[in-house]
There are 2 protein chains.
Amino acid sequence: MSIVSVPAVDVPRGRTRTVRVALAGCGVVGGSLVRLIRSGHAEVAARHRIRFELVRVLVRDRHRPRDPTLPHEVLTDDADDFLAAESDLVVEAIGGIQPALRIARAALESGRRYVTANKALVAAYGPRLAALARRRGGRLDFESSVGGGIPVVRALRDSLGLAGIRGVQGVLNGTTNFILTRMAEGRPYAGALAAARAEGFAEADPIRDLDGTDAAEKISILAWLAFGVRPDTLPIRRRGIVPHAERLVRDARALGGAMRLVAECVRTSDGVVASVEPAILQLGSELASIQDEQNLVIVDTERNGRIRLAGPGAGGDPTASALLGDMVRSSLRLRSGAGAVKRAATRDPRTSRWAVSVEGHHEERLRAALRMAGISAAPVRRSGGTGLVVTEPVAWQSIADSIARLEAWGAEPVVSRYEMV
Amino acid sequence: MSIVSVPAVDVPRGRTRTVRVALAGCGVVGGSLVRLIRSGHAEVAARHRIRFELVRVLVRDRHRPRDPTLPHEVLTDDADDFLAAESDLVVEAIGGIQPALRIARAALESGRRYVTANKALVAAYGPRLAALARRRGGRLDFESSVGGGIPVVRALRDSLGLAGIRGVQGVLNGTTNFILTRMAEGRPYAGALAAARAEGFAEADPIRDLDGTDAAEKISILAWLAFGVRPDTLPIRRRGIVPHAERLVRDARALGGAMRLVAECVRTSDGVVASVEPAILQLGSELASIQDEQNLVIVDTERNGRIRLAGPGAGGDPTASALLGDMVRSSLRLRSGAGAVKRAATRDPRTSRWAVSVEGHHEERLRAALRMAGISAAPVRRSGGTGLVVTEPVAWQSIADSIARLEAWGAEPVVSRYEMV
């Protein structure tokens with residue numbers, strides 16, 4: 001078997017370029033990003049021929065000790081000083097409208113590229129900032145503003161535009177979903193909120209999550225991408241899970257369903273409508289199955305059917321990873337960002353339990369073959385004329401040897417990987 | 001409420017350009033594409049400022065009557081004639097290695113852009129064709145080769161490359177999944193296969209689906225995108241659902257699980273390993289929940305968690321839609337493809353059933369408020385001290401009026417959308 005390590009889909013040619021990055025904000029997301037830029041340094045250089053250099057980091061308090069550590073001369077607490085630094089790319093992980101808007105405008109006005117995780121900013125000013133970027137030859141990217149590490153912005157913006165989107169629906173707020181999941185398990189609201197805080201999924205003041213504001217900003221961004229409607233002009237019927245979270249969960253249980261905070265935008269003959277509201281969903285349905293801080297986005301299309309995208313919707317690492325992806329693409333206008341180049345393995349080290357069955361009169365042979373291979377297996381009681389066992393976890397090669405032996409003996413073994421937990 | 005119709009994220013400026021397209025293949029997928037190019041003409045022009053002109057269509061028999069109809073002078077059954085036509089973009093929907101490979105090489109050699117739905121071709125020659133495209137200034141796109149209308153190629157190529165991919169797992173063959181779903185409902189194999197054929201999900205000779213070849217080609221393409229490993233060098237442990245489909249389904253049932261044909265590639269310390277094989281899965285698990293011709297791809301990442309992408313994995317329309325998306329992006333190096341521009345609605349015409357609850361001593365007021373609004377509602381028996389009803393389907397505005405009335409009366413109504421089926 002030939003093992004070849006090749007460059008991935010589209011490695012650009014030429015020497016590694018340095019991209020000067022000014023980062024606004026070094027909290028949970030910004031800190032994760034700094035760590036990721038450092039740990040991913042070699043991979044980004046090998047794969048994309050670029051090297052990110054942090055030239056300035058805007059923080060609230062430049063004297064506070066911080067992890068990751070940053071050179072003192074890189075830190076600033078002054079937005080003007082931050083903007084005056086020569087940079088190619090401005091990354092913003094502050095949140096809120098100001099000073100983010102001022103930074104975004106100044107960066108784009110000067111033709112720089114802007115990457116942001118700030119959903120409030122994009123929901124309120126996205127189209128105007130995008131227009132400014134176009135006029136000045138810059139670029140605006142905001143994958144990390146919706147859905148954490150799920151590439152939903154890119155899917156709507158680049159992939160599903162011609163599929164004929166009818167509507168977008170989803171669970172877009174990880175904090176409320178975490179709380180609702182815990183409450184469905186019997187925890188009271190206060191305990192569920194405390195657990196969300198302990199896990200880092202709720203901020204000190206999570207009211208924007210709980211009252212549906214966060215989900216409303218996200219669905220307005222998705223409505224912009226899906227339908228071109230300006231997010232700040234889209235009326236959104238919005239209700240959160242406060243102040244009656246316990247009643248909501250109780251009502252859902254009384255009706256035999258699950259409570260979820262569902263965001264949606266839909267094309268109607270009158271135009272686009274949108275809502276964020278508590279919904280009681282069939283147990284086992286896709287939206288009800290989304291647990292904890294996970295997010296799910298369902299894109300209903302005319303031509304591609306119902307496309308579902310799911311994954312962790314919150315957390316510093318997924319958001320930082322989405323930011324880094326935007327930074328790379330923004331720097332290269334990349335057509336590709338495939339993972340690290342790996343070679344094919346010469347042998348398969350994965351082990352698994354295996355369900356092996358034979359026709360009933362070969363049952364003894366099945367036991368013998370497995371015994372000869374030194375594989376323990378438990379018989380399964382069943383109706384019908386075949387012997388069926390489930391093995392201990394072993395590599396495929398061990399099973400393959402037994403199978404070959406059984407086949408030589410005239411049995412017709414049938415093998416499935418056994419993935420029951 | 002101001003209603004503004006704005007251009008979407010990134011409409012290019014300037015006049016509409018004509019892109020000359022040579023299409024190889026006019027079967028199920030190619031025919032869908034011709035229809036889609038025609039029906040989507042106005043939208044593609046408005047949104048992307050391009051117009052696709054079909055200059056040549058390669059078919060097996062140019063005299064056969066066909067729907068959609070094509071001008072006689074556009075049709076050819078000669079590959080040389082097809083390649084001699086002046087075109088900017090060659091689209092291939094034939095399948096199989098030859099003559100697709102010859103067409104791909106000739107097109108890319110001459111610096112043209114190539115868009116293909118051909119998984120066998122990409123699995124065997126993808127990296128070499130991509131290198132040829134880079135050398136000659138052309139471009140290779142193949143979103144539609146895996147996952148039908150699910151944007152999985154783009155997600156792996158453009159979005160998740162820096163997330164630290166550990167593995168990719170999924171149900172990648174719609175035909176076998178359709179058959180396994182029917183068999184789990186009690187249909188015999190032959191009947192399930194016949195049903196798949198009747199629904200258009202199985203070809204006359206579906207052996208490449210049934211023996212796992214199709215899924216193996218797809219997982220090798222995903223391994224290329226995820227890990228940079230050359231797909232034609234990746235050994236894949238492959239077993240399909242034939243010849244023992246009924247035993248596989250019976251074994252899964254005996255073990256209380258569901259049978260799925262699972263494709264996967266995983267990074268190990270030895271390199272990348274891959275498999276396509278029958279697996280018995282926990283009922284209710286994500287893979288087991290994928291029904292009929294649906295596909296699911298799970299990307300396990302270090303930084304973004306487990307990203308799941310699901311949707312219809314087969315069919316002419318989703319595949320044609322993915323081809324058209326690639327054609328547009330290939331023509332523009334687009335950063336955006338948002339949907340048709342829609343305005344926000346002035347009123348929300350959606351109706352829904354609503355669960356409304358009040359504290360027990362307000363129960364009479366709840367009934368009165370709904371009666372005054374002319375809304376019928378069924379009471380729900382429940383333990384605890386609150387009244388709970390589920391209404392007939394009405395628009396939110398009707399409920400909002402009742403809520404306002406109840407609040408004026410001192411009750412604290414709690415409302416959920418009721419989405420139980």
State, yes or no, whether a side-chain contact exists between [X] and [Y] at a heavy-atom distance under 4.5 Å.
| X | Y | answer |
| --- | --- | --- |
| R308(B) | Q294(A) | yes |
| I150(A) | N304(B) | no |
| V273(A) | R350(B) | yes |
| R417(B) | E264(A) | yes |

Practice item. Please state whether the side chain, the backbone, both or neither of L36(B) comes within less than 4.5 Å of a heavy atom of chain A. Key: side chain
Review point. Can you say whether A288(B) sits under 4.5 Å from chain A via the side chain, the backbone, both, or neither, judging by heavy atoms?
Key: neither
Point to revise | side-chain contact (heavy atoms from CB on, under 4.5 Å) partner of S416(A), the single match among L255(B), L248(B), V262(B) | key: L248(B)
Could you look at [X] and say if it's the side chain, the backbone, both or neither that has a heavy atom under 4.5 Å from chain B?
| X | result |
| --- | --- |
| E286(A) | neither |
| P413(A) | backbone |
| I298(A) | neither |
| S275(A) | both |
| A400(A) | neither |
| R306(A) | backbone |

Check your understanding: Can we say E359(B) and R247(A) salt-bridge, meaning some charged N sits less than 4.0 Å from an Asp/Glu carboxylate O?
Key -> yes
Check your understanding: Under a 4.0 Å N-O cut-off, is there an ion pair linking E419(A) with R260(B)?
Key -> no
Practice item. Would you name the heavy atoms of L160(B) and G149(A) that are closest together and state the gap between them? Key: CD2-O, 4.0 Å
Practice item. Against chain B, work out which of S321(A), A310(A), G311(A) has the most heavy-atom pairs shorter than 4.5 Å and name it. Key: A310(A)
Point to revise | Residue among T319(A), L309(A), D317(A), V414(A) with most heavy-atom pairs under 4.5 Å to chain B | key: V414(A)
Study note, to complete from the structure: Taken to the nearest 0.5 Å, the spacing of L324(B) CG from R303(A) CZ works out to 7.5 Å
Check your understanding: When you measure from the side chain of R239(B) to the backbone N and O of V415(A), does any donor-acceptor pair fall under 3.5 Å?
Key -> yes
